[in-house]
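Report on the following structure.
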Amino acid sequence: MSQHDVTFDTANSGGRDNAPILVTGAAGQLGAVGRTVTGQLLDRGLPVRAMVRRDDDRAAALRAAGAEVVVGDLLEPGDVYRVVSGCRRVYFGMSVSAGYLEATMIMAAVAREVGVDALVNMSQMTVSQMSIQNTTPSPQQRQHWLSEQALAWSGLPVVNIRPTVFLEGFFLTLTSPTVRDRGRIELPFGRGKASPVAAADVARVVAEVLANPGTHLGRVYELTGPQSQDMDEVAQEYSDALNRKITYSDIPPDDWQGELKKAGLPEHLTKHLVTMAELNRAGRYDRLADGVQRVTGQPPMSVREFVSLHAEKFGGRRS
Ligand SMILES: NC(=O)c1ccc[n+]([C@@H]2O[C@H](COP(=O)([O-])OP(=O)(O)OC[C@H]3O[C@@H](n4cnc5c(N)ncnc54)[C@H](OP(=O)(O)O)[C@@H]3O)[C@@H](O)[C@H]2O)c1
């Protein structure tokens with residue numbers, strides 16, 4: 001874990017103990033960290049204001065779970081001011097998108113104006129290896145790097161959460177069809193090792209920090225899964241979880257990029273995914289960090305546990 005020790009005056013929390021905690025991106029799309037955080041904070045008996053982009057079934061489910069649901073756009077300063085006002089702490093995260101840096105700046109400006117005791121910022125582990133002279137081609141990763149810089153200048157009581165690749169993205173959404181249909185994980189990851197982390201574990205860290213921010217303020221938490229493995233080892237974890245042979249097929253990066261383009265993904269997201277695959281092949285995700293254990297007191301989920309949990313999506317476990 002890397003961390004920066006900074007002392008913040010949290011005395012202004014007095015009298016606001018019952019004010020809600022704002023969770024942005026609460027409906028959930030890919031990792032759904034915000035949705036899981038909302039549930040975990042409510043389970044702890046803490047009041048939550050859950051911000052969603054539209055009032056749909058996901059919003060209704062959050063309301064039914066006990067959250068105060070507010071609708072707004074993180075790219076609209078007036079909306080952000082309305083939803084942050086009256087909250088004492090904020091989780092800031094939204095889906096990978098071109099406006100990420102702008103949304104972070106709006107949140108920072110509003111949080112400074114309104115005054116919050118803690119701002120938990122979703123970032124990425126890649127930022128740990130970035131500097132002015134060493135960025136990556138992913139616009140999302142660059143924006144996270146810049147966002148962290150600007151949040152540091154803001155003087156806000158920030159906690160940066162830097163997870164490595166989520167199991168929910170590449171390993172669930174992108175591999176489940178081929179694992180189900182052909183018993184194969186088809187990814188352009190070469191021989192690189194990675195230590196993917198479950199978004200549920202990331203959410204546990206975020207919820208703990210939001211519930212008890214005191215000692216975490218000013219820190220950076222790097223989060224990975226429990227092991228760094230190459231894709232053959234990952235395939236073995238799938239095999240163990242599903243009780244059938246799953247193999248890894250290293251597909252050509254250009255073909256894969258072509259498929260993403262055909263699927264009509266936004267350019268920002270495509271560039272980000274392509275960069276992640278490149279970094280994986282280059283061994284840049286071969287990292288282990290103990291943030292999950294340190295913050296929550298419990299180890300992160302393994303690939304095998306994750307695949308077992310989502311076995312139906314992978315075509316089920318053979319008896
Ligand atoms: N996936 C990975 O491997 C990985 C790894 C490390 C870090 N991260 C970071 O994790 C974050 C994504 O977290 P996640 O997977 O939990 O997010 P998510 O579930 O994909 O999305 C969260 C929500 O953000 C909402 N949203 C998007 N744009 C918005 C806007 N302009 N105003 C209001 N709401 C908006 C979406 O609403 P709708 O659903 O209504 O559109 C969505 O429900 C990103 O910062 C990413 O860089 C991801």
Side-chain angles (χ1 to χ4, degrees), residues 22-39 50-62 69-80 82-84 91-107 120-128 136 138-148 151 160-175 187 194-207 221-225 265-266 268-269 271-273 275-277 279-280 284-285 287 289 291-292 306:
L22 176 66
V23 176
T24 69
Q29 215 180 73
L30 183 72
V33 171
R35 186 170 68 218
T36 312
V37 166
T38 300
M51 183 186 183
V52 297
R53 194 154 40 164
R54 45 191 156 242
D55 201 343
D56 55 15
D57 291 353
R58 299 170 302 170
L62 290 164
V69 175
V70 289
V71 180
D73 184 344
L74 286 162
L75 288 163
E76 280 299 330
D79 287 4
V80 178
R82 171 173 52 82
V83 303
V84 175
Y91 163 67
F92 174 71
M94 64 188 249
S95 34
V96 170
S97 46
Y100 214 100
L101 178 61
E102 187 179 346
T104 314
M105 293 306 92
I106 293 169
M107 177 55 77
V120 181
N121 174 51
M122 177 54 64
S123 185
Q124 293 199 354
M125 199 153 98
T126 345
V127 171
S128 299
T136 78
S138 158
Q140 181 72 20
Q141 289 170 351
R142 289 177 177 213
Q143 292 193 21
H144 276 301
W145 180 72
L146 285 168
S147 293
E148 284 202 27
L151 287 173
N160 285 304
I161 307 293
R162 293 184 187 162
T164 189
V165 55
F166 289 175
L167 280 161
E168 282 74 1
F170 279 99
F171 296 88
L172 181 61
T173 311
L174 294 182
T175 69
L187 286 174
S195 52
V197 66
D201 286 326
V202 176
R204 285 197 297 115
V205 170
V206 172
Y221 288 110
E222 294 180 333
L223 311 180
T224 71
L265 296 187
H268 176 93
L269 181 57
K271 276 192 182 158
H272 177 56
L273 295 175
T275 302
M276 287 178 80
L279 294 178
N280 210 311
R284 289 270 297 275
Y285 285 101
R287 303 273 320 273
V292 174
F306 180 84

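Because the structure is predicted, anything quoted here is derived from the model rather than measured. Both ligands and their constituent atoms are indexed starting at 1 by order of listing.
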Worksheet item: Should one rank Leu74, Asn121, Thr36, Val37 by closest heavy-atom distance to atom 32 (N) of ligand 1, which comes out on top?
Response: Leu74

Item to complete: Return yes or no for this condition: an N or O of Gly31 is under 3.5 Å from an N or O of ligand 1.
Response: yes

Worksheet entry | Spatial distance of atom OG (Ser147) from atom CE (Met122) [nearest 0.5 Å] | 12.5 Å

Discussion item. With heavy-atom distances below 4.5 Å as the criterion, would you say the side chains of Val52 and Arg58 are in contact?
Written reply: no

Worksheet item: Do Thr275 and Gln141 have side-chain N/O donor and acceptor atoms under 3.5 Å apart?
Response: no

Fill in: For the student: nearest non-hydrogen atoms of Ala59 and Asp55, plus distance
CB-OD1, 3.4 Å

Fill in: Met125, Met122, Gln124, Arg53: member with heavy atom nearest to atom 35 (C) of ligand 1
Arg53

Response to the item:
Between the CG atom in Leu174 and the CD atom in Glu168, the distance rounded to the nearest 0.5 Å is 12.0 Å

Discussion item. How long is the straight-line distance from CG of Leu74 back to CD of Glu102, given to the nearest 0.5 Å?
Written reply: 11.0 Å

Worksheet item: Can you list the ligand 1 atoms lying under 4.0 Å from a non-hydrogen atom of Val96?
Response: 46 (C), 47 (O)

Fill in: Side chain, backbone, both or neither: Gln140 near ligand 1, heavy atoms under 4.0 Å
side chain

Worksheet item: Looking at residues at least two apart in the chain, or sitting in another chain, which of them share a ring-ring contact (aromatic ring centres under 6.0 Å, His included) with His144?
Response: Tyr100

Discussion item. Could you measure the distance from the CZ atom of Phe166 to the OG1 atom of Thr173? Nearest 0.5 Å is fine.
Written reply: 11.5 Å

Worksheet, complete the sentence: Of Ile106, Thr164, Ile161, the residue with the heavy atom nearest atom 5 (C) of ligand 1 is Thr164

Practice prompt. Would you mind reporting whether Ile106 and Glu76 have side-chain heavy atoms less than 4.5 Å apart?
Written response: no

Discussion item. Does only the side chain of Arg58 get under 4.0 Å from ligand 1, or the backbone, or both, or neither? Count heavy atoms.
Written reply: side chain

Worksheet item: Where on Ala199 is there a heavy atom closer than 4.0 Å to ligand 1, on the side chain, on the backbone, on both, or on neither?
Response: neither

Fill in: Which residues share a side chain to side chain donor-acceptor pair (under 3.5 Å) with Ser138, sequence neighbours left out
His272

Worksheet item: Looking only at protein heavy atoms, which one is nearest to atom 31 (N) of ligand 1, and how far off is it?
Response: Asp73 OD1, 2.9 Å

Worksheet item: Based purely on interatomic distance, does Met276 place a nitrogen or oxygen under 3.5 Å from a nitrogen or oxygen of ligand 1?
Response: no

Worksheet item: Which protein heavy atom lies closest to atom 19 (O) of ligand 1, and at what distance to 0.1 Å?
Response: Gln29 N, 2.7 Å

Item to complete: Just let me know how Arg54 lines up against ligand 1, side chain, backbone, both or neither, with a heavy-atom cut-off below 4.0 Å.
Response: side chain

Item to complete: Look at atom 12 (C) of ligand 1 and say which protein heavy atom is nearest, naming residue and atom and giving the distance to 0.1 Å.
Response: Met94 O, 3.3 Å

Item to complete: Select the closest option to atom 22 (C) of ligand 1 among Ala32, Gly25, Gly34, Ala103, judged by heavy-atom distance.
Response: Gly25

Worksheet item: What's the shortest distance from atom 27 (C) of ligand 1 to any protein heavy atom, and which residue and atom give it?
Response: Ser95 OG, 2.9 Å

Practice prompt. Have a look at Ala59, Pro163, Gly72 and point out the one with the heavy atom closest to atom 33 (C) of ligand 1.
Written response: Gly72

Worksheet entry | Nearest-0.5 Å distance, CG of residue Asp79 to CZ of residue Arg53 | 12.0 Å

Discussion item. Quick check on Tyr100 - does any of its heavy atoms sit under 4.0 Å from an atom of ligand 1?
Written reply: yes

Worksheet entry | Test of proximity, Phe166 against ligand 1: N or O pairs below 3.5 Å | yes

Fill in: Sub-4.0 Å heavy-atom contact, Gly28 with ligand 1
yes

Discussion item. Please check: side-chain N/O of Arg287 versus main-chain N/O of Thr224, any donor-acceptor pairing under 3.5 Å?
Written reply: no

Item to complete: Work out which heavy atom in Leu265 is nearest to a heavy atom in Leu273; give both atom names and the distance.
Response: CD1-CD1, 3.8 Å

Worksheet item: Can an N or O of Leu30 be found at a distance shorter than 3.5 Å from an N or O of ligand 1?
Response: yes

Worksheet item: For atom 16 (O) of ligand 1, what's the nearest protein heavy atom and its distance?
Response: Val33 N, 2.8 Å

Worksheet item: Is ligand 1 less than 4.0 angstrom away from at least one heavy atom of Ser123?
Response: yes

Fill in: Spacing of CG belonging to Asn121 relative to CZ belonging to Arg162, to within rounding of 0.5 Å
9.5 Å

Worksheet item: When you look for heavy atoms under 4.0 Å from ligand 1, do you find them on the side chain of His144, its backbone, both, or neither?
Response: side chain

Fill in: Contact (N/O only, under 3.5 Å) between Tyr91 and ligand 1
no

